[in-house]
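On a predicted model such as this, the values are computed, not experimentally measured, just so you know.
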Protein chains: 2
Amino acid sequence: MATGREIAELCGVSVATVSRVFNQPETVNDETRERVLRVARELDYQPNESARALSTKQSTMIGLVWDTDHRRPGWRHPYLQDLLIGLKSALSAHGYHLLMLATSGDSREVGASLADPVGYVNMTRRHHLGGLVLIDSGSDAEAFETFAQSGVPCVALDVAIAGPKATYVTSDNAAGAASAVRHLARLGHSRIATITGPPGNQPAEARISGYHKAMRESGLRLRDDYVVAGDFYRASGTAAMQRLLALDEPPTAVFAASDEMAVGALLAARAAGLRIPEDLALVGFDDIEIASVVDPALTTVAQDKPGFGVAAAKAIMAMITGADREEPVILPTQLVVRDSCGS
Amino acid sequence: MATGREIAELCGVSVATVSRVFNQPETVNDETRERVLRVARELDYQPNESARALSTKQSTMIGLVWDTDHRRPGWRHPYLQDLLIGLKSALSAHGYHLLMLATSGDSREVGASLADPVGYVNMTRRHHLGGLVLIDSGSDAEAFETFAQSGVPCVALDVAIAGPKATYVTSDNAAGAASAVRHLARLGHSRIATITGPPGNQPAEARISGYHKAMRESGLRLRDDYVVAGDFYRASGTAAMQRLLALDEPPTAVFAASDEMAVGALLAARAAGLRIPEDLALVGFDDIEIASVVDPALTTVAQDKPGFGVAAAKAIMAMITGADREEPVILPTQLVVRDSCGS
DNA sequence: CTGAAAGCGCTTACAG
DNA sequence: CTGAAAGCGCTTACAG
């Protein structure tokens with residue numbers, strides 16, 4: 001590995017000049033600059049990022065906080081892949097890399113295990129990370145407070161946080177849910193139930209309020225027995241559907257707050273001998289891959305998956321370069337009409 | 001941020017001793033060690049990783065090479081998420097983090113854009129990465145040669161590479177395919193076709209050879225018109241199925257080399273008025289989530305998804321700590337019998 | 001068991 | 001426009 005010093009010697013300049021060529025090229029004489037650049041290329045010079053970070057006290061990395069190995073082992077972010085792609089590309093455009101922070105502690109290390117928020121914050125300091133992107137893995141909301149207060153730039157996905165350098169991005173869940181319910185109402189349904197996400201989860205709550213709003217606006221009666229709680233996973237959708245079907249007056253349409261639960265509901269309905277959409281109209285939320293392949297294909301509220309990553313990257317970069325607390329980003333959703341609710 | 005020097009002063013020892021406490025604790029006097037440890041804890045000391053890496057010439061990060069933004073925009077690794085989880089956990093256990101290398105070049109930087117292999121290798125040097133995990137994103141095979149020859153420890157997923165410090169992990173694709181075909185044969189089918197992956201793709205080729213082997217062993221006739229090429233994606237499965245159905249003597253069973261293509265085939269068969277499994281038996285490969293939710297649920301050859309990550313991590317760690325070229329890891333597969341092929 | 005010293009490779013005021 | 005010097009915070013022989 002060639003170093004700046006070698007280049008300096010070969011060019012007959014000082015290492016300071018070599019450094020300037022790469023960091024403030026405009027301040028160095030054209031001729032000198034070209035010479036340095038040429039030699040650098042010949043030696044395949046790669047600046048040592050550790051030295052750079054040590055000296056500047058900042059790295060070109062953003063940390064990703066994503067707990068994988070505790071609680072809800074089956075949990076899977078509904079569109080992690082799209083999100084990562086968006087995030088990585090947007091970050092790349094700014095020359096930043098994405099560091100997936102280790103999660104299980106290396107007990108030899110100072111400080112607590114990485115599974116806890118302070119562990120992550122510590123890692124952020126050790127590596128001089130530019131910021132943190134937080135993926136909610138269920139019930140991390142309060143841990144996220146720690147991040148938000150730590151002062152390091154961070155943006156959370158799907159959970160509202162606030163702090164000196166903290167913000168979040170989420171879908172317009174209320175509007176999305178409302179559009180789904182309104183669509184059902186327009187199709188003539190009046191007995192519209194909803195299967196919700198877990199209590200306490202913010203997108204889940206917002207979707208419930210969207211459901212309420214659209215029901216009211218459509219002049220439909222809200223009844224408690226038409227709101228049954230799930231946990232976003234498939235099995236809970238099945239269970240919820242069974243409860244709805246057991247009602248004296250079962251709904252003719254169901255809005256499930258996730259595609260997974262919609263699929264679960266679909267399975268339950270099918271098992272009960274109902275035809276979809278003839279006997280029961282169904283709408284989901286997310287527009288994950290499954291939605292389009294299930295039979296009948298699921299009408300659903302699509303989230304802007306790559307948009308999450310892009311917005312997160314943008315917010316992080318803004319905060320790194322000064323901004324003090326970005327406005328939260330609320331991404332629009334889109335109703336994708338397929339076959340599961342008739343038309 | 002407290003530094004080692006501050007601790008040293010507070011404890012009345014040298015920074016060398018502080019350093020030893022964390023790196024070779026056994027070499028320092030018990031009492032001194034405890035004192036340093038206590039003060040370190042009080043100050044919430046976090047060793048500066050940049051300084052550490054600069055001094056030791058190695059970081060605690062492994063790079064992930066995963067090209068996302070060129071070619072095949074729709075391409076998605078069939079189980080990236082499970083793979084990442086396995087990889088991250090296994091790496092964490094060794095105290096390593098996973099760095100998702102930026103992919104689009106920051107043109108201000110020396111050297112070529114990151115989209116090319118040398119860009120990645122350069123980044124590896126700059127950051128003193130311990131090694132590289134390579135995810136094949138389609139036609140990167142030859143670029144992977146560059147990595148393999150570079151001397152940095154690397155393990156590729158699903159593409160065979162060899163080099164001073166290179167190895168790979170892949171499923172036993174031939175055996176997996178053979179088990180699927182054998183199962184079909186045992187069910188009484190003799191007209192068994194296959195929809196293959198893209199030519200040149202190693203897992204695809206291996207699955208074809210497994211198909212051949214099982215056909216021969218089952219005493220079934222191999223015919224060219226029963227082998228039609230796809231590209232692992234859904235649409236190609238549909239197209240391939242249509243071609244098979246147009247044959248004078250269409251197959252009664254189809255082994256698709258990916259679940260996505262199997263779903264595509266299923267759609268085509270259904271559109272043609274065939275019942276599954278009555279009129280056509282279908283087996284896929286991968287066992288992605290869709291397989292179990294499609295109707296009828298897909299019989300498929302499951303890959304050990306987290307196993308990929310774990311094996312990759314293990315191989316990387318072995319190579320970092322000395323080993324010169326690990327043996328390739330061939331993961332067993334498992335036939336998951338569901339409804340799409342009768343029983 | 002411990003300290004002084006050199007070194008890792010860069011950046012950044014400060015002079016000139 | 002350029003160089004000398006100090007500094008970033010750690011690790012590691014080398015003495016003692």
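Taking Ser59(B) as the reference, nothing meets the side-chain hydrogen bond (donor to acceptor under 3.5 Å, both in side chains) condition, with sequence neighbours excluded. Every residue two or more places apart in sequence or in another chain that forms a side-chain hydrogen bond (donor to acceptor under 3.5 Å, both in side chains) with Gln149(B) is listed here: Glu145(B). With sequence neighbours left out, the side-chain hydrogen bond (donor to acceptor under 3.5 Å, both in side chains) criterion links Thr56(A) to no other residue.
Checked against a 6.0 Å centroid threshold, the rings of Phe22(A) and Tyr45(A) count as neighbours.
For the pair Glu9(B) and Arg5(B), the salt-bridge criterion is met [side-chain N within less than 4.0 Å of a carboxylate O]. A salt bridge links Glu42(B) with Arg38(B): the distance from a Lys NZ or Arg NE/NH1/NH2 to an Asp or Glu carboxylate oxygen falls below 4.0 Å.
Taking for each of Gly4(B) and Glu26(A) the nucleotide of DNA chain D with the nearest heavy atom, the 5'-most of the two is the partner of Glu26(A). Summary of the strand contacts: Arg52(A) and Val15(B) both lie near DNA chain C, and taking for each the nucleotide with the nearest heavy atom, the more 5' one is attributed to Val15(B).
Of the options Val121(B), Val152(B), Leu101(B), a side-chain contact (heavy atoms from CB on, under 4.5 Å) to Leu129(B) is made by Leu101(B) and by none of the others.
With a 3.5 Å limit on both pairing distances and Watson-Crick or G-U wobble geometry required, the stems of 3 or more pairs in DNA chain C span C:1-3 with D:14-16, C:5-12 with D:5-12, C:14-16 with D:1-3.
In 5' to 3' order, the nucleotides of DNA chain C bounding all contacts with chain A (an atom under 4.0 Å from a heavy atom) are dG9(C) to dA13(C).
When all heavy atoms are compared, the tightest approach of Val65(A) to Leu132(A) is CG2-CG, 3.8 Å.
Of the residues in residues 53-63 of chain A, Leu54(A), Ser55(A), Lys57(A) come within less than 4.0 Å of DNA chain D through at least one heavy atom, sorted by number.
Among the atoms of the strands shown, only primed sugar atoms or phosphate atoms (P, OP1, OP2) are found under 4.0 Å from some heavy atom of Val13(A). Using a 4.0 Å heavy-atom distance criterion, Ser50(B) is classed as making no nucleic acid contact.
Under the 4.5 Å side-chain criterion, counting only non-hydrogen atoms from C-beta, Ile135(B) is not in contact with Asp158(B). Inter-residue side-chain proximity for Asn48(A) and His128(B) is flagged as met; some heavy-atom pair is nearer than 4.5 Å.
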